[in-house]
Amino acid sequence: MPAQTRANRPSLDAYWMPFTANRQFKAAPRLLVAAEGMHYTSEDGRRVLDGTAGLWCVNAGHGRRRIAAAVEHQLATLDYAPSFQMGHPIAFAFAERLGAIAPGGLDRVFFTGSGSESVDTALKIALAYQRAIGQGTRTRLIGRERGYHGVGFGGISVGGLVNNRRAFPLLPGTDHLRHTHDLARNAFVKGQPEHGADLADDLERLVALHGAETIAAVIVEPVAGSTGVLVPPKGYLERLREIATRHGILLIFDEVITGFGRLGAPFATDFFGVTPDLVTTAKGLTNGTIPMGAVFASRAVHDALMTGPENAIELFHGYTYSGHPVACAAGLATLDVYEEEGLLTRAAALQDHWHEAMHVLRGAPHVIDIRTIGLVAGIELAPRAGAPGSRAHAVFVDCFEKGLLIRVTGDVIALSPPLITERAQIDAMASMLGDALARAA
Ligand SMILES: Cc1ncc(COP(=O)(O)O)c(CNc2cccc(C(=O)O)c2)c1O
């Protein structure tokens, strides 16, 4: 395929882009044509430092030949095989390898095709589990304000981002904890804020309102990413775990972003030392190379469903691409890279440098908060009057033009570089972002 340039650019008309202002984008497109290590190459030939690991997913950096070779070999060996009532060894091998690093020992693995599918899978497993143990009255699912759990009807129902919810009918019976963001008490914090553990008591209030016998599960992101990086207050997750356990409510950690080394431990479950009953993952599972997700379940949840007649399908759920052989090959090679280069814990050694580099931006124009943990940063800007989100979007476009890819959500800038990043590149991100903020109106 010839190098992709402006001269041979395909028409932009047919592709309906996700989560994008399509008309604005197609009037001034930002196109990436190659990637290697920490950098993208833009259509006009510029090197762009990847400050977001793509979309929080390319944890090992771009262009990994080990993964490419594994995918090529698998495609030429067994490109696709059914996973319903049929099997292929590589799916079992990948599940076993994942089981060996499973968050909190949750070593039963259900494969999906994305984070959204992992979330809907975990919610359905939770409902099926409650039914299987004779708690069929537990049909209610609890999420949290500002939570993001993908775009399935389950995920948007437990999610807490209004733009993802307002236009669609939602699952009946869902309810929400309050979010944990507290600018007044917890501004410019490195790591977990001191204040707010008591917000976990919202689960007690929902039990008092609905009755524990109606509640199947509560799902939270250990660190809320898409909403703009909200780090749990000290003691919050522990409290949520204790309340859920006491009321027979399953706790689900949505680790689509935090999974596979993002915080400096293999999973947030390990980082915070709090064990849920189910964990959803995707993104870093295959280093963003092949769409895939995985739900980690405890033996208790899994075994409760492995009952009934031997010839019966225990869970009427699954996808054409569940356990896809090529995705499994990409995942196994990804784990090899993570393990050989220590990437599942590398962020721990970089976290202090990351904290300092990002908090240097305190005092930059428009910055009203900075939140950092592991290799994640949320830099919150004061919104422009009457135009929320426009200031951060302008910084995003400016950064891209100057050679840095960032993410913005509302007026929060989110950074989550590949875990291979060097300290000099962290400093470059902070410097380039500081320059962009200085230019921002
Ligand atoms: C916690 C969480 N749960 C589920 C999903 C959905 O995954 P899929 O997209 O693979 O269906 C996500 C995805 N998170 C996500 C996806 C795209 C952009 C951004 C952003 O923060 O800009 C975040 C996520 O962050």
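Because only heavy atoms are used, hydrogens play no part in the values below, and waters and symmetry mates are left out as well, while side chains stay in. When a ligand or atom number is given, it counts from 1 through the structure's own listing order.
- Protein heavy atom at the shortest distance from atom 15 (C) of ligand 1 is Lys283 NZ, 3.3 Å.
- Distances from ligand 1 to the non-hydrogen atoms of Glu117 include no value under 4.0 Å.
- A donor-acceptor contact shorter than 3.5 Å links the side chain of Arg64 to the backbone of Ala60.
- Under a cutoff of 6.0 Å and an axis angle of 45°, Arg241 and Phe272 do not form a cation-pi pair.
- Distance from atom 22 (O) of ligand 1 to its nearest protein heavy atom, with residue and atom name: Arg407 NH2, 2.4 Å.
- Looking only at heavy atoms of the protein, atom 20 (C) of ligand 1 is closest to Trp56 NE1, 3.3 Å.
- Residue-to-ligand polar distances place Ser116 within reach of ligand 1: an N/O pair is separated by less than 3.5 Å.
- Among protein heavy atoms, the minimum distance from atom 12 (C) of ligand 1 is reached at Tyr148 CE2, 3.5 Å.
- Of all atoms in ligand 1, numbered sequentially from 1 with element shown, those under 4.0 Å from a heavy atom of Glu221 are 1 (C).
- By the 30° and 60° cut-offs, the orientation of the rings of His317 relative to Phe110 is tilted.
- Counting only distance, with no hydrogens or angles, the side chain of Ser390 and the backbone of Ala387 share a donor-acceptor pair below 3.5 Å.
- Protein heavy atom nearest atom 23 (C) of ligand 1, with residue, atom name and distance: Ser226 OG, 3.0 Å.
- Protein heavy atom nearest atom 3 (N) of ligand 1, with residue, atom name and distance: Asp254 OD2, 2.7 Å.
- Between Asp336 and Arg66, at least one side-chain nitrogen of the basic residue sits less than 4.0 Å from a carboxylate oxygen of the acidic one, meeting the salt-bridge criterion.
- Protein heavy atom closest to atom 10 (O) of ligand 1, with residue, atom name and distance, is Gly115 N, 2.9 Å.
- Between the CZ atom in Arg205 and the CG atom in Leu177 there is a gap of 11.5 Å [rounded to 0.5 Å].
- Under the 3.5 Å distance criterion, with hydrogens and angles disregarded, no donor-acceptor pair is assigned to the side chains of Thr280 and Glu255.
- Under the 4.0 angstrom criterion for non-hydrogen atoms, Leu55 is in contact with ligand 1.
- Note on ring orientation: taking the six-membered ring where Trp is involved, the planes of His179 and His181 are tilted (angle from 30° to 60°).
- Close approach of ligand 1 to Ile257 (heavy-atom distance below 4.0 Å) involves ligand atoms 25 (O).
- In the candidate list Gly150, Gly155, Cys57, Gly150 is nearest to atom 5 (C) of ligand 1, counting heavy atoms.
- Taking the six-membered ring for Trp and thresholds of 30 and 60 degrees, Phe94 and Phe111 have nearly parallel ring planes, at less than 30 degrees apart.
- At a 3.5 angstrom cut-off on N or O pairs, His149 does not count as close to ligand 1.
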